[in-house]
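First the proteins, then the strands, lettered A, B, ... as listed; each starts at 1.
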2 protein chains.
Amino acid sequence: MRIGELAERAGTTTRTLRYYESLGLLPARRTGNGYRSYDEEDLRLLQQIRTLRDFGFELEETRPFVDCLRSGHPAGDSCPASLEVYRRKLAELDECIARLGAIRERVGTQLVRAERARAELETAATAPGGAPEPHCELAPPGQ
Amino acid sequence: MRIGELAERAGTTTRTLRYYESLGLLPARRTGNGYRSYDEEDLRLLQQIRTLRDFGFELEETRPFVDCLRSGHPAGDSCPASLEVYRRKLAELDECIARLGAIRERVGTQLVRAERARAELETAATAPGGAPEPHCELAPPGQ
DNA sequence: GTAGACCTTGACCCCGGCGTCAAGGCCAGG
DNA sequence: CCTGGCCTTGACGCCGGGGTCAAGGTCTAC
């Protein structure tokens with residue numbers, strides 16, 4: 001199949017597939033006229049990548065899984081390298097959750113304190129405002 | 001004081017201060033020769049910004065706090081707009097923590113499953129005796 | 001008078017993961 | 001033959017929060 005069909009079947013875009021190819025993550029064969037050509041196996045690899053990415057894995061982290069599948073294993077996580085990525089990700093998630101929890105505590109404390117301080121000053125009502133979209137991207141040990 | 005001194009006292013860089021000014025977050029007066037000039041009040045504002053940023057607030061989110069301080073309030077969170085930011089941040093943090101927790105569960109489950117699958121293969125493939133390192137002889141990269 | 005430490009503006013670079021043109025090739029249907 | 005829909009490569013944009021030059025102005029100390 002060609003790039004457009006693969007993109008559609010995987011629920012992504014052609015731009016994304018070209019990008020993955022540029023990373024060497026999902027190379028494509030070529031037909032006579034230079035068009036990229038993919039098969040069902042490529043669809044599986046791509047699905048593996050997209051699934052992991054939905055979990056918040058970076059593209060580079062999906063590479064062991066893809067290599068694992070390509071080397072003939074039944075699942076992308078059948079190889080030690082993939083398990084290692086799982087473990088690293090777990091540690092990363094734990095640390096991230098702990099950090100966010102600590103911040104949550106401190107912000108919560110600040111809010112209560114500030115609300116109390118205001119209550120003492122005056123009992124004016126605050127106007128409720130619109131609520132923009134909260135966004136959360138799981139960032140690794142970002143420094 | 002000039003920009004270098006303020007930066008040093010606040011533990012940041014001159015580049016950062018110029019950046020904040022470009023955002024209109026921390027404007028500076030100018031002396032005759034064009035140098036930026038700051039006072040102790042600016043240091044307080046800057047400290048408020050840096051503190052919130054360390055909590056993971058985006059720069060734009062610190063604006064209400066800075067405005068609050070500048071309008072003469074004793075603390076940056078003495079104004080309703082700041083409290084609103086606190087509340088939004090709490091909700092954001094809660095949602096983020098919950099999402100990460102859910103992912104953590106799923107990744108953990110996957111790891112256990114994959115480890116068990118591998119253990120079955122190992123015991124099936126390796127004869128009785130010592131159990132060496134769970135090392136898989138997969139062709140590294142390049143295939 | 002000159003070194004050197006400070007200051008100014010402007011401009012490009014970084015990170016990941018693509019979105020979005022732009023200019024042009026290839027192929028099928030009417 | 002033309003249109004339209006796919007495909008190709010290349011290149012710039014974006015997001016946040018600055019880092020890091022570059023080229024030059026200003027002030028102080030010796």
Side-chain angles (χ1 to χ4, degrees), chain A residues 1-38 42 45-63 66 85 89 92 96 132-143, chain B residues 1-39 42 45-63 65-66 85 89 92 96:
Chain A
M1 84 192 86
R2 293 182 304 184
I3 194 170
E5 187 183 344
L6 178 59
E8 195 174 1
R9 287 181 62 185
T12 182
T13 67
T14 60
R15 176 67 180 92
T16 296
L17 298 187
R18 291 195 192 96
Y19 180 56
Y20 290 175
E21 182 174 11
S22 80
L23 297 178
L25 195 55
L26 190 67
R29 273 121 306 194
R30 300 297 180 122
T31 60
N33 54 16
Y35 287 11
R36 288 171 180 82
S37 171
Y38 302 90
D42 291 317
L45 301 183
L46 179 53
Q47 281 167 341
Q48 173 77 84
I49 296 172
R50 299 307 290 183
T51 300
L52 290 173
R53 237 199 59 78
D54 289 346
F55 277 133
F57 285 62
E58 291 174 15
L59 286 178
E60 279 311 315
E61 295 179 316
T62 71
R63 204 179 285 273
V66 177
V85 174
K89 203 69 188 177
E92 215 172 90
C96 191
E133 207 62 9
H135 74 293
C136 166
E137 41 215 351
L138 46 149
Q143 298 296 337
Chain B
M1 82 193 89
R2 292 182 305 185
I3 194 170
E5 187 183 344
L6 178 60
E8 194 175 1
R9 287 180 64 184
T12 181
T13 67
T14 60
R15 175 67 177 93
T16 296
L17 298 187
R18 292 195 193 96
Y19 180 55
Y20 290 175
E21 183 174 12
S22 79
L23 297 178
L25 196 55
L26 189 67
R29 272 119 305 181
R30 301 297 180 123
T31 60
N33 54 16
Y35 287 11
R36 288 172 180 81
S37 171
Y38 303 91
D39 57 18
D42 291 318
L45 300 183
L46 180 52
Q47 281 168 342
Q48 172 76 84
I49 296 171
R50 299 306 291 182
T51 300
L52 291 173
R53 237 198 59 80
D54 289 346
F55 276 129
F57 285 62
E58 291 173 16
L59 287 178
E60 279 312 314
E61 293 178 318
T62 72
R63 204 179 285 271
F65 295 80
V66 178
V85 173
K89 202 69 186 176
E92 214 172 272
C96 191

Closest to side chain of Tyr19(B), choosing from dT8(D), dG17(D), dT8(C): dG17(D)
Spacing of Glu58(A) atom CD relative to dC15(C) atom C1', expressed in whole Å: 10 Å
Side chain of Arg15(B) - closest among dC12(D), dA11(C), dG17(C): dA11(C)
Whole-Å gap separating C1' (dG17(C)) and CD1 (Ile49(A)): 13 Å
Protein-nucleotide distance (Arg18(B), atom CZ; dG16(D), atom P), rounded to Å: 22 Å
Sidechain N-carboxylate O distance under 4.0 Å for Arg63(B), Glu60(B): yes
Chi angles and distances behind the salt bridge (Lys or Arg N to Asp or Glu O under 4.0 Å) call for Arg2(A), Glu5(A): CA-CA 6 Å; Arg2(A) 293 182 304 184; Glu5(A) 187 183 344; over 6 Å; no
Separation of dT8(D) C1' from Glu21(A) CD (nearest whole Å): 11 Å
Interatomic distance where CD1 belongs to Ile3(A) and P belongs to dC6(D) [whole Å]: 13 Å
Any Ile49(B) side-chain heavy atom under 4.5 Å of Val66(B) side chain: yes
Protein-nucleotide distance (Leu23(B), atom CG; dC15(D), atom P), rounded to Å: 13 Å
Selected nucleotide, minimal atom distance to Thr13(B) side chain, candidates dC7(C), dG19(D), dG25(C): dG19(D)
dG19(C) phosphate, OP1 or OP2, under 4.0 Å from Thr16(A) side-chain N/O: yes
Approximate separation, where rounding is to 0.5 Å, of Asp42(A) CG and Ile3(A) CD1: 11.0 Å
Nearest-Å distance for atom pair CZ/P, residues Arg36(B) and dT26(D): 15 Å
Nearest-neighbour nucleotide for the Asn33(B) side chain, dC27(D), dT8(D), dT9(C) considered: dC27(D)
Nucleotide dG19(D), atom C1' - distance to CG of Leu17(B) in whole Å: 14 Å
Arg18(A)/Glu21(A) salt bridge by N-O under 4.0 Å criterion: no
Sugar-phosphate only, base, or nothing, as touched by Arg2(B) at under 4.0 Å among non-hydrogen atoms: sugar-phosphate
Listed nucleotide nearest any side-chain atom of Tyr35(A), set dC7(D), dT26(D), dT9(D): dC7(D)
Touch class at under 4.0 angstrom, heavy-atom based, for Arg53(A) against every strand present: sugar-phosphate
